[in-house]
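Right, one structure below, let's go through it.
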2 protein chains.
Amino acid sequence: MPPELIAVLIAVSDDRPMVLTLEGGRLLPSGPLEAGHRSLQTGLRLWVEHQTGHALGHVEQLYTFADAPVDGGPDERRVMISYLALTRTRRGERGWRGWYDYFPWEDQTAPEGRALVQRIVRLLEDWAGRAPSAAGQEARRQRVALTFGLDGLGWDDELVLQRYELLWEAALVPESAPPGAAVLPGLSMARDERRVLATAMARLRAKIRYRPVIYELMPDSFTLLHLQRTVEAVAGQPMHKQNFRRLVAQQDLIEETGEVAPDTRGRPARLFRFRREVMGARRIAGSKLPLARPV
Amino acid sequence: MPPELIAVLIAVSDDRPMVLTLEGGRLLPSGPLEAGHRSLQTGLRLWVEHQTGHALGHVEQLYTFADAPVDGGPDERRVMISYLALTRTRRGERGWRGWYDYFPWEDQTAPEGRALVQRIVRLLEDWAGRAPSAAGQEARRQRVALTFGLDGLGWDDELVLQRYELLWEAALVPESAPPGAAVLPGLSMARDERRVLATAMARLRAKIRYRPVIYELMPDSFTLLHLQRTVEAVAGQPMHKQNFRRLVAQQDLIEETGEVAPDTRGRPARLFRFRREVMGARRIAGSKLPLARPV
DNA sequence: ACCTTTATGCTCATGTTGAGCATAATATAG
DNA sequence: CTATATTATGCTCAACATGAGCATAAAGGT
């Protein structure tokens with residue numbers, strides 16, 4: 001069985017991060033590596049274009065997973081080589097889903113997300129109390145505190161996978177919960193796809209801090225508020241407006257188009273475009289965004 | 001053909017980063033994923049222990065490579081899932097090689113390394129001039145400037161892979177040079193192993209900036225200068241001594257043992273140990289080292 | 001003429017970083 | 001025994017980055 005190539009294709013539409021899915025949101029585009037593929041990445045591109053009609057822009061490898069061996073099962077294992085891809089949505093394309101539909105607790109810009117985390121923390125504290133030994137209970141509590149930012153640690157938006165794995169272990173998601181048990185809100189997916197999506201979210205959130213990949217998700221021209229909302233949507237965290245602008249300005253990665261955004265409320269905002277030329281010519285010192293990651 | 005698991009096992013010995021090799025330094029430990037392996041990582045551990053007798057400590061996945069398809073060759077491709085592993089050398093173990101034996105230009109702490117880069121840059125400028133079009137020449141020059149830190153950009157120690165790939169394209173390494181042509185100093189390896197090693201070096205250099213992985217390479221107790229020399233050896237860059245100490249101190253990741261280093265010249269140095277307990281208990285805000293990455 | 005809304009400029013306290021001066025505590029050469 | 005070399009360690013300073021917030025500008029709507 002050849003390894004499978006699997007893509008997490010991300011776009012942001014109306015300030016919501018979206019992921020391209022198949023089969024009613026249960027699967028991600030994927031297909032086996034074939035002899036004719038010139039490289040892993042070309043194989044991936046072919047599969048995604050074939051299955052979704054969507055061409056890929058920025059692509060990077062994420063992680064390679066193998067499923068657990070089955071006793072008495074086949075000798076061959078399913079190996080998945082996963083990729084993160086960034087694009088823009090096109091009107092009318094089907095299969096796009098909001099990524100917070102799968103991970104509602106990851107959206108800390110919305111009050112519902114924050115309330116959900118409160119609920120989750122209570123459930124996880126119960127779970128921690130059910131550990132067999134006292135040391136085990138303490139270890140579980142510490143893990144909950146770290147991944148969910150308790151005890152003044154603060155929410156770390158990059159711990160998407162760690163949080164998902166914790167919820168899996170605590171049997172709070174349908175993938176691991178016993179049949180009929182209460183589970184958290186949020187769509188699940190087939191096989192390991194939700195884990196792959198979590199990996200992609202974590203990588204993208206980490207990456208926008210130090211590489212200007214956010215512009216892969218922006219249209220040709222945009223206002224500064226639009227850019228900020230996009231970053232906030234990806235990070236799932238609000239930001240300080242003036243500081244955001246100061247930072248973006250000093251990066252010198254965008255320039256004014258000279259136009260002004262149409263149909264806005266309030267004072268009209270200037271439009272900007274990404275200076276794609278500078279990408280090669282300069283080292284990008286740090287596109288570190290004012291996404292305060294607390295101590 | 002199942003995917004192959006391949007390990008880059010790193011240790012630092014006498015302030016030199018070492019890599020564990022087989023076959024006279026031509027190969028890295030590796031073996032196919034088998035049905036009995038519980039996971040990719042267990043498979044890797046089994047292979048490395050079997051081939052080298054060395055147990056693995058900290059392990060992380062690096063990247064998955066596929067070799068290019070051969071026209072009329074077999075349908076199946078070789079897929080390599082590579083890992084970075086960190087340990088301590090043990091006296092008398094065979095197969096350890098200095099990683100700068102393979103990449104002499106990556107050691108910018110030594111005058112020879114800096115001189116070699118000067119020579120490489122001249123060769124690459126010739127190569128840039130041989131591009132067919134004027135635009136192609138300019139693109140090549142810009143790439144050389146970026147990867148080797150010309151025009152005041154400064155040396156970026158994380159660009160190990162980019163530099164190796166550039167040298168490959170310019171046919172300055174034995175892997176790509178025509179037979180008999182002059183090539184750069186530095187050992188080469190079989191297959192794609194040198195590329196895998198470059199990937200590992202880049203990852204480790206990046207990682208020591210924001211995670212305390214350097215302590216995986218240290219003995220139980222060490223002086224601050226020993227720690228600094230280890231970081232410098234990995235990064236291939238010198239550091240400011242007082243600032244290094246200030247940073248390490250404020251991280252609060254190490255504590256004094258109360259003892260003093262034996263057989264040193266100069267004023268005796270206090271010994272420290274890594275506080276392994278804090279690893280789980282605290283978020284490591286930033287183990288960012290004073291490795292000035294220039295603008 | 002006001003109010004709401006968004007855009008934009010500016011200040012200020014605090015923290016971080018790069019550089020270097022100064023002094024302390026050893027061993028060894030003479 | 002003193003000078004010198006060598007490493008350890010404490011401390012200062014300027015430049016810059018960061019987080020927070022005040023103030024004002026420019027639109028549309030009541």
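The chains referred to below are lettered A, B, ... by the order of the sequence lines, with proteins before strands, and numbering in each begins at 1.
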Next item on the list: Just grab all the side-chain hydrogen bond (donor to acceptor under 3.5 Å, both in side chains) pairs involving residues 215-228 of chain B, residues at least two apart or on different chains.
Entry: B:Gln228-B:Glu232

Check: When the distance from CE of A:Met239 to P of D:dG21 is rounded to whole Å, what number comes out?
Finding: 16 Å

Checklist line | More than 12 heavy atoms from other groups under 6.0 Å of CD on A:Glu259 | finding: no

Note to self: What is the separation between atom CG on A:Leu247 and atom C1' on D:dC16, rounded to the nearest whole Å?
What the structure shows: 13 Å

Next item on the list: Could you state the atom-to-atom distance from CD of B:Gln251 to C1' of C:dT16 in whole Å?
Entry: 12 Å

Check: Taking only residues two or more places apart in sequence or in another chain, which ones pass salt bridge (Lys or Arg N to Asp or Glu O under 4.0 Å) with A:Arg143?
Finding: A:Glu169

Checklist line | Between D:dG19 (C1') and A:Gln228 (CD): distance, integer Å | finding: 14 Å

Next item on the list: Mind checking salt bridge (Lys or Arg N to Asp or Glu O under 4.0 Å) for B:Arg97 and listing every partner two or more places apart, or none if nothing turns up?
Entry: none

Next item on the list: Go through the structure and list residues passing salt bridge (Lys or Arg N to Asp or Glu O under 4.0 Å) with A:Arg16, not counting sequence neighbours.
Entry: A:Asp101

Margin query: Counting primed atoms plus P, OP1 and OP2 as sugar-phosphate and everything else as base, spell out the protein contacts along nucleotides 3-10 of chain D at 4.0 Å heavy-atom distance: B, S or - for each nucleotide, 5' to 3'.
Written below: ---BBBBB

Next item on the list: Please report, rounded to the nearest Å, how far the P atom of C:dG20 is from the CZ atom of B:Arg246.
Entry: 13 Å

Check: Considering residues at least two apart in sequence or located in another chain, which fulfil the salt bridge (Lys or Arg N to Asp or Glu O under 4.0 Å) criterion with A:Arg141?
Finding: none

Margin query: Whole angstroms only, please: what is the CG-P distance between A:Asn243 and D:dA17?
Written below: 13 Å

